[in-house]
Amino acid sequence: MFKHKDKKEQRRKRHLRVRSTVSGTPERPRLAVFRSEKHIYAQLIDDSKGITLVSASTVDKDVKASIEKSWNVDAAKKVGELLAKKAKDKGISSVVFDRGGFKFHGRIKSLAEGARAGGLQF
């Protein structure tokens, strides 16, 4: 009999599959994205050392003050732009994109476009 797998488990498996090929280095860190119901989070991670270099989210004061809703594509784009600005300040210009098992559309795509508009290359 077919058993329905829940969405979180399916996303976790997709994320593990993506992570088997995507890895961040100090020169080209991994841009990891997590999307919840109300917020979106992004961080640049150096997997060789296991540290977060830069992070941004809709919970940050800079973004929170400039958005009306934290769960739409406009907010995600602002997070991408803020992350790119912080990365430029640290001297990071090229990243590897990790969509976290989420489909590349909607808020995930908007965050990526915001990061590209801010000057990150991937």
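Position 1 is the first residue of the sequence; numbering continues from there.
Residues Ser94 and Glu27 fail the side-chain proximity criterion, which asks for heavy atoms closer than 4.5 Å. Side-chain contact between Ile45 and Pro29 is absent, with no heavy atoms from C-beta onward closer than 4.5 Å.
Distance NZ/Lys69 to OG1/Thr58: 14.0 Å, rounded to 0.5 Å. If you take CG on Leu120 and CG on Leu83, they are separated by 6.0 Å, rounding to the nearest 0.5 Å. Going from atom OG of Ser70 over to atom CD1 of Ile40 covers 10.5 Å, rounded to the nearest 0.5 Å. Between the CG atom in Leu82 and the NZ atom in Lys77 there is a gap of 14.5 Å [rounded to 0.5 Å]. Atom CZ in Arg35 sits 12.5 Å away from atom OH in Tyr41 (nearest 0.5 Å). Atom NZ in Lys78 sits 10.5 Å away from atom OG in Ser110 (nearest 0.5 Å).
In terms of heavy atoms, Ser48 sits closest to Asp46 at OG-OD1, 2.6 Å. Taking every heavy atom of both residues into account, Ala84 and Gly119 meet most closely at CB-N, 4.4 Å. When all heavy atoms of Ala112 and Phe122 are compared, the closest pair comes out as O-CZ, 3.6 Å. Nearest heavy-atom pair, Val79 versus Ala42, reported as atom, atom and distance to 0.1 Å: CG1-CB, 4.4 Å.
With hydrogens and angles ignored, the 3.5 Å screen pairs no side-chain donor or acceptor of Asp47 with any backbone N or O of Gly50. Checked by atom type and distance alone, the side chain of Ser57 pairs as donor or acceptor with a backbone atom of Val59 at under 3.5 Å.
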Task: Verdict with reasoning, Lys8 to Arg11, per side-chain contact (heavy atoms from CB on, under 4.5 Å) - done: CA-CA 5 Å; Lys8 287 184 182 178; Arg11 187 195 73 80; 5.8 Å; no
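Paired with Gln43 under the rule side chain to side chain contact (heavy atoms under 4.5 Å, CB included), one option of Thr52, Leu31, Val33, Leu53 passes, and it is Thr52.
Placement of Leu16 and Phe97 in two distinct hydrophobic clusters is found when ILVMFWY residues are connected by side-chain heavy-atom separations under 4.5 Å, directly or transitively. A continuous path of ILVMFWY side-chain contacts below 4.5 Å connects Phe34 to Phe104, so both sit in one hydrophobic cluster. In the hydrophobic clustering of ILVMFWY residues, with side-chain heavy atoms under 4.5 Å counting as a link, Val96 and Ile51 come out apart. Under a hydrophobic clustering in which Ile, Leu, Val, Met, Phe, Trp and Tyr are joined whenever their side-chain heavy atoms come within less than 4.5 Å, directly or via other members, Leu44 and Ile108 fall into the same cluster. Each of Trp71 and Phe102 belongs to its own hydrophobic cluster when Ile, Leu, Val, Met, Phe, Trp and Tyr are linked at side-chain heavy-atom distances under 4.5 angstrom.
A salt bridge links Lys86 with Asp60; the closest basic N to acidic carboxylate O contact falls under 4.0 Å. Using a cutoff of 4.0 Å between basic side-chain nitrogens and carboxylate oxygens, Glu9 and Arg12 are scored as salt-bridged.
Legend: salt bridge (Lys or Arg N to Asp or Glu O under 4.0 Å) pairs involving residues 92-114, not counting sequence neighbours, sorted by first then second residue: Arg30-Asp98.
With a 6.0 Å radius and a threshold of 12 heavy atoms from other residues, nucleotides or ligands, Lys88 has its NZ atom above the threshold.
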